[in-house]
2 protein chains.
Amino acid sequence: MNDNAASRIESLRTLMKQEGLSMYMIPDSDFHNSEYIGEYFMCREYMSGFTGSNGILIVTLEEAALWTDGRYFIQAAREIEGSGITLMKMGEPDTPKIEDYIRDHIEAGMRFGVDGRVLSARKGIKYEQIIKKNRGAMKSDYDLVNEVWDNRPSVSKEKITTLPESITGESTADKIARVREEMKKHDAAGFVLAKLDDICWMMNIRGGDVECTPVALSYAYITMEDAYLFVHPEALNEIDARILEQNGVTVKPYDTFISFLKSIDPCHSGKVMVDLNNINYLIYDILNASSEMATSRSISRNKESLIVDVVNPTQEMEAIRNSTQLKLMREYYIKDSAVLTRFLYYIKKTGVHIGINEYDAAMKLDSMRAQIAGFMELSFPTISAYGPNAAMMHYEATQDSHADLKPEGMYLVDSGAQYLGATTDVTRTIAVGPVTEEMKRDFTLVCVGMLRLADAVFLEGCTGRNLDILARGELWKRGVDYKCGTGHGVGFILGVHTGPQNIRYKYNEDIREAVIKTGMTISDEPGVYIEDKYGIRTENIIEVVDAYENGDGHFMRFEHLTWVPIDLDLIDTSFMEPHDIELLNAYHEKVRKNLYDLMVNDDEKKWLSEVTDPVAI
Amino acid sequence: MNDNAASRIESLRTLMKQEGLSMYMIPDSDFHNSEYIGEYFMCREYMSGFTGSNGILIVTLEEAALWTDGRYFIQAAREIEGSGITLMKMGEPDTPKIEDYIRDHIEAGMRFGVDGRVLSARKGIKYEQIIKKNRGAMKSDYDLVNEVWDNRPSVSKEKITTLPESITGESTADKIARVREEMKKHDAAGFVLAKLDDICWMMNIRGGDVECTPVALSYAYITMEDAYLFVHPEALNEIDARILEQNGVTVKPYDTFISFLKSIDPCHSGKVMVDLNNINYLIYDILNASSEMATSRSISRNKESLIVDVVNPTQEMEAIRNSTQLKLMREYYIKDSAVLTRFLYYIKKTGVHIGINEYDAAMKLDSMRAQIAGFMELSFPTISAYGPNAAMMHYEATQDSHADLKPEGMYLVDSGAQYLGATTDVTRTIAVGPVTEEMKRDFTLVCVGMLRLADAVFLEGCTGRNLDILARGELWKRGVDYKCGTGHGVGFILGVHTGPQNIRYKYNEDIREAVIKTGMTISDEPGVYIEDKYGIRTENIIEVVDAYENGDGHFMRFEHLTWVPIDLDLIDTSFMEPHDIELLNAYHEKVRKNLYDLMVNDDEKKWLSEVTDPVAI
């Protein structure tokens, strides 16, 4: 793999020289700025060998550098070893930001190349400013990786289905009406939506163009009268097309979107609303050219841009679940939790003693989940990690490369699925034999963090940054941190990592934080990762519910959606306050209540009762 | 007072009509955007009758509205009763922001008036944009209040003294050199500094132009070669002038600053650095006019503004204490704590039984503090509040209006002083007789919040928003909040409320949050305020120290600077976790150790030992 990366980068440099480029950027996105992308779009993975979900590669004629975040530092370092690529650890004090790297490397007369379709508009605008300031030039109409990439997969055009209101709780027509209300607030005549999760939410459609994320490659354009959906014609059947039509949606071919966009005349039709973080640079470029043309030819209008940059209003709408969704989620989370609990029972009682390997364990869990009625696919590849492998946050065992479980230490499993009514995500770490005091301490501190965050009550207006320390606080007191966020939004039959809500501590004045609101669903997943030793993560999904409404304001709290025992073999109550133990016992009591009838035999039931027994304070 | 306000507003309206103004704004600042201001500048107080430190009055021909923050809701409502002014509770969901109010009230052709000298440049720019967008006009060369105000006090010109390096720990010349390094980073040839605290820090001078804040009315202008200080000539003696001169500072008359500013030619001299939040709108207007003239007359330069807007680099420099300062602060805080402790002993044992009143109690405490060698003045008027009066966060008892202490319920005292080596600020609430279970619960939860925040360990990069929930969390769990921040920066022989650091929970995407750094000093003061019943606040000042430096990063923690017993008569341990009790006991052990020798007789010593005895877990 590393030799591959080195030679591919050399091929790219040959092309760069032909094109007169000093620097070429390979982002990690598709045309829709998706976090998870179809195979066709995996240019950065192809070029660097790094398989994680977040990474940006910049190649100059002399250097190559890969930026990724704390989840992937260990994995990325291994995967790019020998490739000649430098690892840029994002967020570390000594790591230059991408924009600083560009600023330091682009000089007057140099040319910077990128495929503008896979770069977010916001970043593209920022990079262009930097490059122009250095008197360089940015060229965004390249796809040089395409020329290097032999046997590149073709673009996915999987089948699209519509979801009934019994699952979504709201019709497409009603959702579009809500979107139009937001457009009115911004005085916008049109709204370009390119984010796949948002389009699928609004149109009540699901597809299969991205592994583990049931989205369809699509664009949407909404006006006060019309709603256009651009999808691959072969992906949509007649019945679903008719349902969309009944909701006021006109379906058009995916490949005609760019020419459609060019035909929009903001001078006649009015302002166009976009989210510059969620459209690609090409879309921006087209709209900007139309806008400039419109303002220059009309003397009656002022010179205000005709592009209105907003956060996609669909983002928060998607993030707030209605009662239909929450009812389905609660049901599916119990079923999903029961399967994971039975799997953990199997691993503890049988799996580890027959030396099952990580890959087979994942396969077993995946097949158990697939038995649940309504199962569609996994929501992400199962992370099944024994011992030191669990220190890699996004480790993936394969048929060829995996460890065998032994009756000592810990095993971590992070998994989830897409169901016709929920997207799940859950992590448990269990003892599979004797464990050290250090492991018990760290496990207990992680458990305490998870429980305390879920126990928070907070006022309206709080964002994840207000709450993160509840999960991290006891680790920090001992000089320990985990290099990732504490929580991410969880989609509804959509991406398992979603937004806008999250739970993080880092301050970034350039990023607008999302206020946490009733009906949102968020993960709560502190951890401890000791390289080459062990990894611990305990992850529940929690929903936001109302707590108090009084003269001091509107208070909210969380309820658990996930109900899987926390391994008492790893708990050392000397690291817990009495209230932490109360929280653990209360949680376990509900776990037993929710799962008991879903255990399939008396042994499982007996075990469940044992492992959810209250711990003495 | 209220009748006064009503008639003064009527007089203002007469002037507004003469000037053709539809709206007139009266900010609460001096020419330096100070939080606390000299008497000459108290226009808003004069016009509205509201005496709090934060309030903005807007008068239209029909309405008058006063914006203030949560600390003052109760007080402001009382003080403006009957004046016809509407109270605008800032931060409440239904309260329009000032800019929204302007937007809703200014229509095409209307004129908005304000004194540009007492409005921050940032706000002025924002308001002007809104007004222009509504096709109104903003006029900023008025001081209409001056015409209404009979017997307006004159501008203060108190004596200025320089501070030796044995107190400041750093010479003026060295400070200016550090400032020049920051200017270089921004490619700035000049730096206009108007913020009084920052000027006094940089110049190592102190004055007396603002009550309780030993600053001198001044401006500074720094270039790579020169440093100008503008002060009232009669305020500075020859010796201090010579010390400044030895540090490379040229002293000029305060009143010549504006003409000096007009003479700066950015076309010849280069970019001018300012902090738009900390210069007034007039300064901005002058610089902007010069900048526009310079760019229009020079074709070789690009059209970039010659004004560089930054956060004053002096702000963070002032906020981070050096070892000389910290040593002095620790010493003075122990002395200051001892006096407050002896005062609390007096109130509990004697004061309440002789029915001392709030005002006399404050006088007694103030006179006790004045005995400490190095005492200069109070750092703010002592808040001495019995019973329901303590629910007003910034209550001030006067000789004419005060309550008598009775042997029941609680008494709150918030006080501090300026010493030649520290600015102190401390609040304690004590039982002065029987108290209710409710009071004990709230007091205990406040105490727990104060101790937990002070016990935090946190990674580099955290701001106050990451930590606030540690103080507020247990109150929030019971649906209780306090309508103010948890902590503010504390100056060094300067304003007792300073920045940039603070501890708050509210998210404001427009405000840049300050990262908390080693050497900063911050207040930690949660509270509970029940209108018409009682108020509780426990306030310590804490300093930021290093905790761990390892592979996971640079961790910091706090140390208490304040050492005053927390009243065990108000503690109900059933609301504390064992660790909270450990923190309380550990704190009290240090209180005893630090204060024992400063108690002046055996009774005090005996009492100190009793009230700092460990509580059983």
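All chains are named by letter (A, B, ...) in the order of the sequence lines, taking the proteins before the strands, and each is independently numbered beginning at 1.
Both the backbone and the side chain of B:F458 come within less than 4.5 Å of a heavy atom in chain A. Interface residue B:N550: only side-chain heavy atoms are found under 4.5 Å from chain A. Heavy atoms closer than 4.5 Å to chain B are found in the side chain of A:E509, but not in its backbone. In this structure, chain A has a heavy atom under 4.5 Å from the side chain of B:L470, while its backbone stays farther away.
Across B:K506, B:R478, B:H554, the residue that shares the most heavy-atom pairs under 4.5 angstrom with chain A is B:R478. Per-residue counts of heavy-atom pairs under 4.5 Å with chain B were compared for A:L475, A:I511, A:L459, A:L467; the largest is that of A:L459. Ranking A:T463, A:D481, A:I469 against chain B, the residue ahead of the rest is A:D481, based on heavy-atom pairs under 4.5 Å.
Nearest heavy atoms, B:Y505 versus A:C462: CD1-SG, 3.8 Å.
Looking at heavy atoms from C-beta onward, A:K483 lies in side-chain contact with B:D552 at the 4.5 angstrom threshold. Counting heavy atoms from C-beta on, the side chains of B:D580 and A:E577 never come closer than 4.5 Å. Using a 4.5 Å cut-off on side-chain heavy atoms (C-beta onward), A:K477 and B:D455 make contact.
Remark: the backbone N or O of B:A514 is not paired with any side-chain donor or acceptor of A:Y507 at under 3.5 angstrom.
More than 12 non-hydrogen atoms from other residues, nucleotides or ligands lie less than 6.0 angstrom from CZ of B:R71.
Classification of A:R465 and B:E513 as a salt-bridged pair holds, one side-chain N sitting under 4.0 Å from a carboxylate O.
Here the CG-CH2 distance, from A:N466 to B:W476, works out to 6.0 Å after rounding to the nearest 0.5 Å.
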